[in-house]
Amino acid sequence: MSKAYNEMSYVEIAAIYNDINNIPLDAAAALGQSAAELVGEGAKIMDFGGGAGRISVPIAAHTDMIAMDIEHHMLKASKKLAEDRNIPARQTVGTVLQTPFATNTFDAVITTNVLHQIKFWRDALKEAARVLKPDGTFIIGRDVLDEESGAGQLRSQSRMFTLDIAPEMHPTDAAGPALFQEIQKLGGQMTRPIVACSWVEKVSVAEILERMENGIHNETWSLTREQINALMAKVRPWAESHFDDIHAVEDVKWEFHLYPITGIGK
């Protein structure tokens, strides 16, 4: 992987990041409840690369949460989300490679969509292990889209085209089995994933293509205007030939999974 991920700026996208990655309120509430059942009400927990708060804020409703991120614009969005929902949540600026916390501080550390962006993600894992209490839980959060849906098929094809256009956007090997192999080396033991919440998005392929074109979709917001244009020149004709009706609205199922891991804090 090149340095492309490390150079991505979240400044311009911060204010609308939660809209792009929306979790409806009822699903967010279920996510917070599921996390609390896993780590305990009132548990001291850190969101390791907390971003704009879409995960940390719902969990903060039940725990002593502190969200850490390197980009203060994202934390500003996180603070606003917490205030809008009247949920007490703290934010702090820091890097996952060297957090501003003492050893054995947290009952749990959660991370979502972060490690695959970091060149030295193995060092980040060790840092998470350091700040965890010996009996603490490391949690990997993951958005899960129905891959058979039109949205899922479009996402898969878009990512293939993106790597053709911008190979430097390839994620690190933390996106694959290397992550869990490294966790095992640290003594981590994973239990069965938890479906923390689910929701349905009513959307057409045409609407997704429009969002992508405008750079307000997960597959395009991190790309340059030139890269978006090159991607759309490939993906739009593909979609129009692949789907019978790109304007047909479908119910697209989303889930958010929690992967609990114990043992790395010892």
Side-chain angles (χ1 to χ4, degrees), residues 1-6 8 31-32 34-40 43-51 54-56 58-59 63-70 94-147 152 155-156 159 163 169-198 254-266:
M1 171 194 162
S2 76
K3 58 185 179 180
Y5 267 114
N6 293 327
M8 285 196 313
L31 165 59
S34 294
E37 291 173 358
L38 176 61
V39 301
K44 190 174 182 67
I45 181 171
M46 173 175 59
D47 193 339
F48 199 60
R54 60 189 286 268
I55 307 303
S56 61
I59 296 175
T63 64
D64 180 9
M65 163 64 77
I66 183 163
M68 186 201 71
D69 199 273
I70 196 170
T95 168
V96 294
L97 297 176
Q98 189 176 10
T99 68
F101 302 109
T103 300
N104 299 340
T105 296
F106 294 98
D107 299 303
V109 171
I110 184 169
T111 190
T112 305
N113 299 329
V114 172
L115 294 176
H116 71 278
Q117 299 184 30
I118 303 169
K119 182 176 181 180
F120 300 107
W121 61 267
R122 290 175 176 83
D123 292 332
L125 266 183
K126 292 175 183 176
E127 179 65 4
R130 182 186 69 80
V131 300
L132 268 174
K133 294 178 181 178
D135 59 349
T137 303
F138 181 62
I139 306 168
I140 296 174
R142 183 185 174 212
D143 293 283
V144 178
L145 168 63
D146 177 6
E147 295 293 343
R155 182 177 72 173
S156 297
R159 291 182 175 180
L163 292 181
M169 294 302 294
H170 198 288
T172 71
D173 56 347
L179 172 61
F180 296 100
Q181 292 168 3
E182 192 67 21
I183 286 171
Q184 288 180 330
K185 289 180 183 178
L186 293 174
Q189 297 180 337
M190 184 187 301
T191 56
R192 180 172 298 181
I194 297 167
V195 179
C197 65
S198 63
W254 286 87
E255 294 179 343
F256 191 82
H257 293 185
L258 300 174
Y259 295 76
I261 297 155
T262 59
I264 72 168
K266 294 183 179 178

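If you take CD1 on I264 and OG1 on T137, they are separated by 9.5 Å, rounding to the nearest 0.5 Å. Note that OG of S34 is 11.0 Å distant from NE2 of H257, once rounded to the nearest 0.5 Å. Here CG of D47 is found 6.5 Å from CD1 of I59. Values are rounded to the nearest 0.5 Å. Taken from CG in L31 to OG in S56, the straight-line distance is 10.0 Å, to the nearest 0.5 Å. One distance of note links CH2 of W121 with CG of L179; it measures 5.5 Å at 0.5 Å rounding. Atom CZ in F48 sits 6.5 Å away from atom CZ in F138 (nearest 0.5 Å).
Annotation: Q98, atom CD; neighbour count of heavy atoms from other residues, nucleotides and ligands within 6.0 Å does not exceed 12.
I194 is listed as a side-chain neighbour of P260, based on a closest heavy-atom distance under 4.5 Å. Using a 4.5 Å heavy-atom cutoff, the side chains of F256 and T112 are in contact. Looking only at side-chain heavy atoms (C-beta outward), L145 and R155 come within less than 4.5 Å of each other.
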(request) Show your working on side-chain contact (heavy atoms from CB on, under 4.5 Å) between V131 and M46 and close with a plain yes or no. (result) CA-CA 9 Å; V131 300; M46 173 175 59; 3.9 Å; yes
(request) Could you walk me through whether I140 and F180 pass side-chain contact (heavy atoms from CB on, under 4.5 Å), step by step? (result) CA-CA 10 Å; I140 296 174; F180 296 100; 4.0 Å; yes
(request) Show the numbers, then the answer: is there a side-chain contact (heavy atoms from CB on, under 4.5 Å) between L186 and L125? (result) CA-CA 9 Å; L186 293 174; L125 266 183; 4.0 Å; yes
(request) Before giving the answer on side-chain contact (heavy atoms from CB on, under 4.5 Å), spell out for T172 and I118 the whole-Å C-alpha distance, their side-chain angles and the decisive distance to 0.1 Å. (result) CA-CA 7 Å; T172 71; I118 303 169; 5.8 Å; no
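Annotation: salt bridge (Lys or Arg N to Asp or Glu O under 4.0 Å) contacts of R159 (sequence neighbours excluded): E219. Legend: residues meeting ring-ring contact (aromatic ring centres under 6.0 Å, His included) with F106, ordered by chain and number and at least two apart, are F101.
For residues 176-188, every residue pair satisfying the side-chain hydrogen bond (donor to acceptor under 3.5 Å, both in side chains) rule, not counting sequence neighbours, is listed here: R122-E182.
Formation of a donor-acceptor pair under 3.5 Å by the T99 side chain with backbone atoms of T95 is not found in this model. A side-chain donor-acceptor contact under 3.5 Å links Q117 to the backbone of N113.
Heavy-atom minimum distance, A43 versus T63: O-CB, 3.3 Å. The heavy-atom pair separating L115 from A124 by the smallest distance is CD2-CB, 4.0 Å. Scanning both residues, I139 and A108, for their nearest heavy atoms gives CD1-CB, 4.5 Å. Contact between V96 and G49 at its shortest, heavy atoms only, is CG1-N, 4.0 Å. Between L163 and M169, the shortest heavy-atom contact is CD2-C, 4.0 Å. Scanning all heavy atoms of the two residues, the minimum distance from M68 to P100 falls at SD-CD, 3.7 Å.
A salt bridge does not link E255 with R142: every distance from a Lys NZ or Arg NE/NH1/NH2 to an Asp or Glu carboxylate oxygen is 4.0 Å or more. The pair R54-D143 meets the salt-bridge criterion, since a charged nitrogen lies less than 4.0 angstrom from a carboxylate oxygen. Using a cut-off of 4.0 Å between Lys/Arg side-chain N and Asp/Glu carboxylate O, K44 and D64 are scored as salt-bridged.
Between K133 and the choices T105, D107, N104, the side-chain hydrogen bond (donor to acceptor under 3.5 Å, both in side chains) rule is met once, by D107.
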